[in-house]
2 protein chains.
Amino acid sequence: MTYLSIRSQLLKGVLDGCILAIIEKYEVYGYELSKKLEQAGLAVSEGTIYPVLLRLQKNGFIVGEMRASDSGPDRKYYFITEKGKEALKEIRKEWKVLSSSIETILGSDET
Amino acid sequence: MTYLSIRSQLLKGVLDGCILAIIEKYEVYGYELSKKLEQAGLAVSEGTIYPVLLRLQKNGFIVGEMRASDSGPDRKYYFITEKGKEALKEIRKEWKVLSSSIETILGSDET
DNA sequence: TTATCTACCTTGCATTACAAAGTATCTATT
DNA sequence: AATAGATACTTTGTAATGCAAGGTAGATAA
């Protein structure tokens with residue numbers, strides 16, 4: 001082990017926010033979400049995404065709804081709730097504070 | 001529970017990098033480190049810091065050396081190794097990539 | 001029929017931040 | 001000298017989470 005995937009550790013805590021942000025913006029289902037994340041440079045496995053969706057749902061941040069598809073299995077679309085919007089706002093705030101502190105400490109100021 | 005400290009999750013993975021970065025720059029001991037992190041807006045408990053130091057040491061990223069103090073208990077000073085510098089470089093790179101992706105997705109573009 | 005893509009879910013593991021409690025040294029106060 | 005408090009390090013147990021791996025199942029193309 002290389003010291004074990006820095007990336008997967010970095011992800012913790014932000015991933016929920018990212019998924020919430022996408023759901024807030026688009027009407028998506030899980031599988032589609034994973035593609036969108038991939039496009040945005042944040043590829044995460046399904047074994048990661050689905051548990052997050054369940055968690056967000058359990059916390060009342062999103063709601064899911066099964067819908068038929070004309071070309072494949074049913075899809076579960078997700079929508080953000082008021083509570084979810086507030087949580088997202090909180091996460092964005094936390095992210096700003098933390099990321100600026102980290103930026104200062106890591107000092108990646110190579111212009 | 002509020003959904004459980006977003007912060008503590010966000011920290012995961014970056015903390016090692018932050019601690020490495022400080023050790024690279026300054027000659028510090030554990031207790032002092034916790035103060036420096038606090039100043040930089042990244043307060044973490046001792047129960048967090050010391051295990052990280054042990055981990056970094058076990059991975060050969062830093063080395064520790066006990067030294068006497070003229071005003072209190074002995075202190076364990078840490079120094080970064082070549083391997084540690086490389087790891088830090090890697091972490092900085094990961095951070096740049098990830099944080100920019102996250103920035104895009106979270107979209108905190110309130111100018 | 002078989003294979004492939006889509007789409008969802010679950011189990012088990014490793015990692016890690018943290019609270020809490022413990023040990024020990026030195027300094028200041030009573 | 002005895003007590004309290006700050007300094008300084010360590011360990012234990014808990015909760016959370018990313019992920020690989022495996023599983024189920026519908027639709028479509030070969």
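The chains referred to below are lettered A, B, ... by the order of the sequence lines, with proteins before strands, and numbering in each begins at 1. Remember, it's a predicted structure, so these values are computed and weren't measured experimentally.
Rounded to an integer number of Å, the gap from B:I49 CD1 to C:dA17 P is 11 Å. Rounding to whole angstrom units, CZ of residue A:R75 and C1' of C:dC8 are separated by 12 Å. In this structure, CD of B:E32 is placed 12 Å from P of D:dT7, rounded to the nearest angstrom. Whole-Å rounding puts the A:E38 CD to C:dT6 P distance at 11 Å. Rounded to a whole Å, the CG atom of B:L53 is 14 Å from the P atom of D:dA8. Between the NZ atom of A:K58 and the P atom of D:dA15 there is a distance of 15 Å, rounded to whole Å. Residue A:R67 contributes atom CZ, which lies 18 Å from atom C1' of C:dT6 at whole-angstrom precision. The NZ-P distance, from A:K12 to D:dA15, rounds to 16 Å in whole Å.
Nearest nucleotide to the A:Y50 side chain, out of D:dG18, D:dC9, C:dC9: C:dC9. Closest contact between the side chain of B:Y78 and the listed nucleotides C:dA17, D:dT10, C:dT16 involves D:dT10. Comparing D:dC9, C:dT6, D:dA16 against the side chain of A:Y31 picks out C:dT6 as the nearest.
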### Message
As a quick check of understanding, evaluate salt bridge (charged side-chain N to carboxylate O under 4.0 Å, His left out) for B:E32 and B:R67, giving each step before the final call.
### Response
CA-CA 14 Å; B:E32 196 186 4; B:R67 287 192 197 160; over 6 Å; no
### Query
Going through the checks in order, is the side-chain hydrogen bond (donor to acceptor under 3.5 Å, both in side chains) test met by A:T48 and A:S45?
CA-CA 5 Å; A:T48 298; A:S45 68; 3.3 Å; yes
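Not one N or O on the side chain of A:S69 forms a donor-acceptor pair closer than 3.5 Å with the backbone of A:R75.
The side chain of A:R55 places an N or O atom within less than 4.0 Å of a non-bridging phosphate oxygen (OP1 or OP2) of D:dG18. OP1 or OP2 of D:dA8 sits under 4.0 Å from a side-chain N or O of B:Y29.
Among the heavy atoms of the strands lying under 4.0 Å from B:K76 are primed sugar atoms or P, OP1, OP2 only; no base atom is included.
The side-chain heavy atoms of B:S34 and B:Y50, taken from C-beta on, include no pair separated by under 4.5 Å. With contacts defined as side-chain heavy-atom distances shorter than 4.5 Å, the pair A:L42/A:L11 qualifies.
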Strictly under 3.5 Å: I want the nitrogen or oxygen pairs between protein and nucleotides 19-22 of chain D, one per line.
unit_1 : atom_1 : unit_2 : atom_2 : d
D:dC19 : OP1    : A:R7   : NH2    : 3.4
D:dC19 : OP2    : A:T48  : OG1    : 3.2

Review item, nucleotides 27-30 of chain D N/O atoms under 3.5 Å of protein N/O:
unit_1 : atom_1 : unit_2 : atom_2 : d
D:dT28 : OP1    : A:D70  : O      : 3.2

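Heavy-atom minimum distance, A:L88 versus A:A21: CD2-CA, 3.8 Å. Looking at every heavy atom in both residues, A:E38 comes nearest to A:A43 through CG-CB, 3.7 Å.
A salt bridge is absent between A:K89 and A:E86; no separation between the charged side-chain nitrogens and carboxylate oxygens falls under 4.0 Å.
Criterion: ILVMFWY side-chain heavy atoms under 4.5 Å apart, direct or through other members. Under it, B:I19 and B:F79 are part of a common hydrophobic cluster.
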